[in-house]
2 protein chains.
Amino acid sequence: MNWSIPSNERSAWDRRVPYYLRIRDHFASLIEKGALVPATKLPSERQLSHRFEITRVTARQALMQLEAEGLIYREDRRGWFVSPPRIQYDPAANVSFSESVMAQGRTPGTTVLSTERIAASARESQNLGVKVGDPIFLIRRLRLIDGRAVLLEDIHVDAKRCPGLLDLPLDRSLTELMSEHYGISEYRPHIIMRPTALGESQAKALGVAPGAPSLYLSRIIYDQFDNIIEFDQEFWRHDALEICVDAGHRNVSPMQGDEAGHPVVDNRRL
Amino acid sequence: MNWSIPSNERSAWDRRVPYYLRIRDHFASLIEKGALVPATKLPSERQLSHRFEITRVTARQALMQLEAEGLIYREDRRGWFVSPPRIQYDPAANVSFSESVMAQGRTPGTTVLSTERIAASARESQNLGVKVGDPIFLIRRLRLIDGRAVLLEDIHVDAKRCPGLLDLPLDRSLTELMSEHYGISEYRPHIIMRPTALGESQAKALGVAPGAPSLYLSRIIYDQFDNIIEFDQEFWRHDALEICVDAGHRNVSPMQGDEAGHPVVDNRRL
DNA sequence: GGATTCATCTGGACTATACCAGATAAAATG
DNA sequence: CATTTTATCTGGTATAGTCCAGATGAATCC
């Protein structure tokens, strides 16, 4: 693969557009036109700085811009790679992670990182509707798509409501377990999402660089009696998902074609 | 205001935690405990590098981390400032920007950047349900909260469906205009959101640095007959909003207290 | 053949600069 | 007094290195 820009083009560059943005444009167009397929490894930072005649710092700036846009991602000390397509996530639809991922032709995975029985903190008790100090279960899981970690979740449940939960197979859908073993038939989530950045520990768990952009999602789930049965915190890789919401029911399904595939945004007029 | 970390603390630092993350922690805690109120100007990058005995590059790294988390923001060549609280946005509720902002005790604003009558491109025609080359209106607006630009929007409408739209007062709610003048009574939006980064032109319009993290939102709006009446593209400042979705109707309103105010995330166990 | 060692490659963090252009406020000018 | 000029401050971009630690694969040892 020939990565470089022809040298005559390079010499014609002036300073009106920063170098790092030109490098960005170069790779963005390669990715968007499909010349670079997902999971392709980009040249190393040192190679890039040689070929484009810039310093490594500037090369990194270009790579970090592409990362921020979700076009590429990095693996610590392994290199930079082209991002796989985002999965569509509808927070309003009560579809589990695994179902949703499989429905889109991808392979889901779950790793249980830890399970604990702890006393509820002020925050946890408030969000779970229990008293401070009451026993709660904390389950930490990593969710994968095609083998790549995309989200870290902390699940909090009232221990009294779900006795013995930690002895069940927790790599399965929690929703299923809750309905099968504890007679919870309805799920009414209240969801809050905000763009943020990963802290050190979350980043390590997801195998990404600390400070990487992320989508924070908190979910409070009510049952059919309006009791809180679950409080989740999720940290998503920002480039792994696309949030879809339909307000008001419609018979005709919306066109998906436009928004599918790589994050191509119409910039012509912007 | 005394910004600096005591020097004896500084000398005890070792290299297990990067400098830039310590500076981040320092300011994050000041902001979260309320010692630094929104819109406060931080010391300049050069001042920071002096006081913390680091280079400007490292100081910038810390500032950019805080920016990514939404705690601070920058104004080009003016400085770094503490972010105001996020506004809550429910994509499923058909509430206008202005209404929503006012309901949360803030002051909305709108600036119409441009209005055009153009021929639909391939992408635009598909998203609007018209033929390529058909006339459409393109309205570009900037939306403000308390005087700060938080979102850039491109509104596309079928010119045939809404004749004379551009002559109406476009700094008002589009929804109102549509219903008053064109008999559109129902709004059924299909919304897609994804975290991304701002390109050069969008960044300039919002007055932020290119590459700043952002939330991209596309909205296709259907009327009561399932005809597409509007196609929007929005670029939000990533630190300006918080997305709230309630799936399934509930009588009891969820507790908002926990998630209000500054983006405090429970990191204790992470 | 399988485990261990080691050189090499990669990104992560950092120093020490430099020059530029927009923003700002003080100083000079009419 | 209002306008214009100017010096200064700010972040934006870029160079040219350095040292470090994890990841990788080839060479070595048992």
Side-chain angles (χ1 to χ4, degrees), chain A residues 3 10 13-25 40-68 72-82 197-201 203-212, chain B residues 3 10 13-25 40-68 72-82 197-201 203-212:
Chain A
W3 305 90
R10 159 80 205 219
W13 287 3
D14 63 2
R15 301 300 288 263
R16 279 199 300 268
V17 176
Y19 289 169
Y20 82 94
L21 283 180
R22 305 188 204 229
I23 311 292
R24 183 226 88 101
D25 291 344
T40 305
K41 187 177 185 299
L42 265 51
S44 78
E45 297 175 0
R46 287 171 176 81
Q47 282 173 40
L48 285 176
S49 43
H50 257 106
R51 303 207 203 167
F52 291 101
E53 297 177 280
I54 51 177
T55 54
R56 213 185 120 204
V57 179
T58 307
R60 268 176 82 81
Q61 210 177 345
L63 292 167
M64 286 162 78
Q65 167 75 24
L66 288 160
E67 181 194 40
I72 67 174
Y73 66 100
R74 46 180 144 175
E75 288 186 23
D76 193 68
R77 275 161 257 254
R78 291 207 343 106
W80 296 85
F81 304 86
V82 177
L198 293 177
E200 238 178 324
S201 48
K204 188 171 287 180
L206 279 170
V208 304
Chain B
W3 305 91
R10 158 79 207 223
W13 287 1
D14 64 1
R15 301 302 288 261
R16 279 199 301 269
V17 176
Y19 290 168
Y20 82 95
L21 282 180
R22 305 188 204 228
I23 312 292
R24 183 226 87 100
D25 291 343
T40 305
K41 187 176 184 299
L42 266 52
S44 77
E45 297 175 0
R46 285 170 177 83
Q47 282 174 39
L48 285 176
S49 45
H50 256 104
R51 303 207 201 168
F52 291 101
E53 296 178 280
I54 50 176
T55 54
R56 214 184 119 204
V57 180
T58 308
R60 270 177 80 80
Q61 211 178 343
L63 292 167
M64 285 161 79
Q65 167 75 24
L66 287 160
E67 180 194 40
I72 66 173
Y73 66 99
R74 48 181 141 174
E75 289 185 22
D76 193 68
R77 274 162 257 254
R78 291 208 343 105
W80 296 84
F81 304 85
V82 177
L198 292 177
E200 238 177 324
S201 48
K204 188 170 290 183
L206 279 170
V208 304

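Each chain gets a letter, A, B and so on, in the order its sequence line appears, and its residues count up from 1.
- At a threshold of 4.5 Å between non-hydrogen side-chain atoms, the residues A:Ile23 and A:Leu48 do not count as touching.
- The distance from atom CD of A:Gln47 to atom CG of A:Leu42, rounded to the nearest 0.5 Å, is 10.0 Å.
- Closest contact between the side chain of B:Ala209 and the listed nucleotides C:dC14, D:dG12, D:dA14 involves D:dG12.
- In this structure, A:Phe81 places its CZ atom 11 Å from C1' of D:dA23, rounding to the nearest Å.
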side-chain contact (heavy atoms from CB on, under 4.5 Å) between A:Glu67 and A:Trp80: does it pass, once the steps are laid out? CA-CA 9 Å; A:Glu67 181 194 40; A:Trp80 296 85; 4.0 Å; yes
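- To the nearest angstrom, P of D:dA23 lies 11 Å from NZ of A:Lys204.
- The B:Val57 side chain lies nearest to C:dA16 when the options are C:dA13, C:dA16, D:dT13.
- Of the side-chain N and O atoms in B:Tyr20, one or more sit less than 4.0 angstrom from OP1 or OP2 of C:dA13.
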With 3.5 Å as the limit, what N/O pairs link the protein to nucleotides 7-11 of chain C?
residue: C:dT10; atom: OP1; partner: A:Ser44; partner atom: OG; Å: 3.4
residue: C:dT10; atom: OP1; partner: A:Gln47; partner atom: NE2; Å: 3.2
residue: C:dG11; atom: OP2; partner: A:Glu45; partner atom: N; Å: 2.8
residue: C:dG11; atom: N7; partner: A:Arg46; partner atom: NH1; Å: 2.7
residue: C:dG11; atom: N7; partner: A:Arg56; partner atom: NH2; Å: 3.4
residue: C:dG11; atom: O6; partner: A:Arg46; partner atom: NH2; Å: 2.8
residue: C:dG11; atom: N2; partner: A:Arg77; partner atom: NH1; Å: 3.1

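- A distance of 11.5 Å separates OG1 of B:Thr58 from CD of B:Glu45, quoted to the nearest 0.5 Å.
- Residues satisfying the ring pair (Phe, Tyr, Trp, His ring centres under 6.0 Å) test with B:Tyr73, not counting sequence neighbours, are B:Phe81.
- Listed pair B:Tyr19 / C:dA13 fails the phosphate criterion, with no side-chain N or O lying under 4.0 Å from OP1 or OP2.
- Between B:Leu48 atom CG and D:dC9 atom C1' there is a gap of 14 Å when expressed in whole angstrom units.
- In this structure, the side chains of A:Arg74 and A:Met64 come closer than 4.5 Å at one or more pairs of heavy atoms.
- In this structure, B:Thr58 reaches the C:dT15 phosphate: one of its side-chain N or O atoms is under 4.0 Å from OP1 or OP2.
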